[in-house]
Undergrad: 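Please see the structure below; I have some questions.
Positions are given from 1 along the sequence.
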Amino acid sequence: QVQLVESGGGLVQAGGSLRLSCAASVRTFSSYAMGWFRQAPGKEREFVAAISGSGQSTAYADSVKGRFTISRDNAKNTLYLQMNSLKAEDTALYYCAVGVNYYSASRGLGYDYWGQGTQVTVSS
């Protein structure tokens with residue numbers, strides 16, 4: 001059974017930074033593409049970023065490109081999202097998810113397992 005546990009969310013001022021983590025209990029973690037999504041109140045869940053199993057390929061939503069960095073430590077079965085220059089519109093519940101393959105994952109598609117989310121609130 002796959003379990004994903006996000007952490008690292010919190011309250012931060014606009015312009016600040018946060019680093020989210022996602023601990024995954026999954027065999028052969030390095031075999032799976034991973035992604036981050038977010039959902040703000042009253043809005044649909046949206047794709048944020050994806051990373052290939054090796055970590056060599058990454059993809060980002062235009063809204064976070066240049067500010068957010070997705071990475072992973074396969075030895076620790078952990079996915080990260082470094083968020084810099086945060087804006088009020090980044091306020092959302094952030095989820096990590098396991099992708100079927102990187103081709104789909106990089107397009108925000110084909111995710112099988114999801115975490116419970118961690119809240120990020122950016123005050124302006």
Side-chain angles (χ1 to χ4, degrees):
Q1 184 177 359
V2 176
Q3 287 189 328
L4 302 172
V5 179
E6 302 93 338
S7 62
L11 175 64
V12 63
Q13 288 188 333
S17 298
L18 281 175
R19 189 194 196 200
L20 305 184
S21 298
C22 170
S25 62
V26 58
R27 290 186 176 182
T28 62
F29 177 69
S30 60
S31 299
Y32 296 97
M34 298 289 296
W36 286 99
F37 288 75
R38 66 186 182 186
Q39 187 167 18
K43 295 187 177 180
E44 293 188 354
R45 185 168 59 194
E46 65 171 340
F47 168 77
V48 173
I51 188 168
S52 62
S54 66
Q56 291 186 336
S57 298
T58 57
Y60 297 92
D62 288 343
S63 58
V64 305
K65 202 171 293 183
R67 300 188 298 121
F68 290 11
T69 302
I70 188 171
S71 62
R72 63 192 298 160
D73 185 336
N74 286 340
K76 296 182 178 179
N77 278 24
T78 303
L79 175 73
Y80 302 101
L81 185 68
Q82 178 67 44
M83 305 185 296
N84 299 329
S85 302
L86 283 161
K87 306 175 181 180
E89 51 264 42
D90 295 319
T91 294
L93 188 61
Y94 283 72
Y95 300 88
C96 62
V98 178
V100 174
N101 57 66
Y102 180 68
Y103 179 82
S104 296
S106 64
R107 290 157 177 78
L109 303 171
Y111 286 86
D112 282 341
Y113 300 98
W114 299 81
Q116 294 298 308
T118 185
Q119 179 67 38
V120 172
T121 303
V122 183
S123 63
S124 57

Undergrad: Do the non-hydrogen side-chain atoms of W36 and F68 ever get within less than 4.5 Å of each other?
TA: no
Undergrad: Any side-chain hydrogen bond (donor to acceptor under 3.5 Å, both in side chains) pairs touching residues 1-26, not counting sequence neighbours?
TA: S17-N84
Undergrad: Is it the case that more than 12 heavy atoms not belonging to Q82 sit under 6.0 Å from its CD atom?
TA: yes
Undergrad: Is it true that Y113 and Y111 fall in one hydrophobic cluster, defined by side-chain heavy atoms closer than 4.5 Å?
TA: no
Undergrad: Indicate the atoms forming the closest heavy-atom contact of A14 with S124, along with that distance.
TA: CB-CA, 4.2 Å
Undergrad: A side-chain contact here means heavy atoms from C-beta on lying under 4.5 Å apart; do R38 and V120 qualify?
TA: no
Undergrad: At what distance, to the nearest 0.5 angstrom, does CD1 of I51 lie from SG of C96?
TA: 12.5 Å
Undergrad: Are V64 and L86 connected in a single hydrophobic cluster, I mean Ile/Leu/Val/Met/Phe/Trp/Tyr linked by side-chain heavy atoms less than 4.5 Å apart?
TA: yes
Undergrad: Applying a strict under-4.5 Å side-chain criterion to I, L, V, M, F, W and Y, I'd like to know whether V12 and L81 cluster together.
TA: yes
Undergrad: Kindly compute the distance separating CG (N101) from OG (S31), expressed to the nearest 0.5 Å.
TA: 12.5 Å
Undergrad: Kindly write out the residues that satisfy side chain to side chain donor-acceptor pair (under 3.5 Å) with Y32, not counting sequence neighbours, or none if the list is empty.
TA: none
Undergrad: State the OH-OG distance between Y102 and S54, to the nearest 0.5 angstrom.
TA: 9.5 Å
Undergrad: Sub-3.5 Å donor-acceptor pair from the side chain of T91 to the main-chain atoms of V122, do we have one?
TA: yes
Undergrad: If you round to the nearest 0.5 Å, how far is CG of L20 from OG1 of T78?
TA: 13.0 Å
Undergrad: So, do T69 and Y60 sit near enough that their side-chain heavy atoms are less than 4.5 Å apart?
TA: yes
Undergrad: Could you see if Y80 belongs to whatever hydrophobic cluster contains M83? Use Ile, Leu, Val, Met, Phe, Trp, Tyr and a side-chain cutoff under 4.5 Å.
TA: no
Undergrad: Roughly how far apart are D90 CG and T121 OG1, rounded to 0.5 Å?
TA: 11.0 Å
Undergrad: Measuring from atom CD of Q116 to atom OH of Y95, what distance do you get when rounded to the nearest 0.5 angstrom?
TA: 8.0 Å
Undergrad: Return the set of residues passing side chain to side chain donor-acceptor pair (under 3.5 Å) with D62 (not counting sequence neighbours), or none when no residue passes.
TA: K65
Undergrad: Taking the side chain from R72 and the backbone from A33, do they hold a donor-acceptor pair closer than 3.5 Å?
TA: no
Undergrad: Would L79 and F47 show up in the same hydrophobic cluster when neighbours are defined by side-chain heavy atoms closer than 4.5 Å?
TA: no
Undergrad: Looking at F29, is its backbone amide N or carbonyl O close enough to the side chain of N74 to form a donor-acceptor pair, meaning the two atoms are under 3.5 Å apart?
TA: no
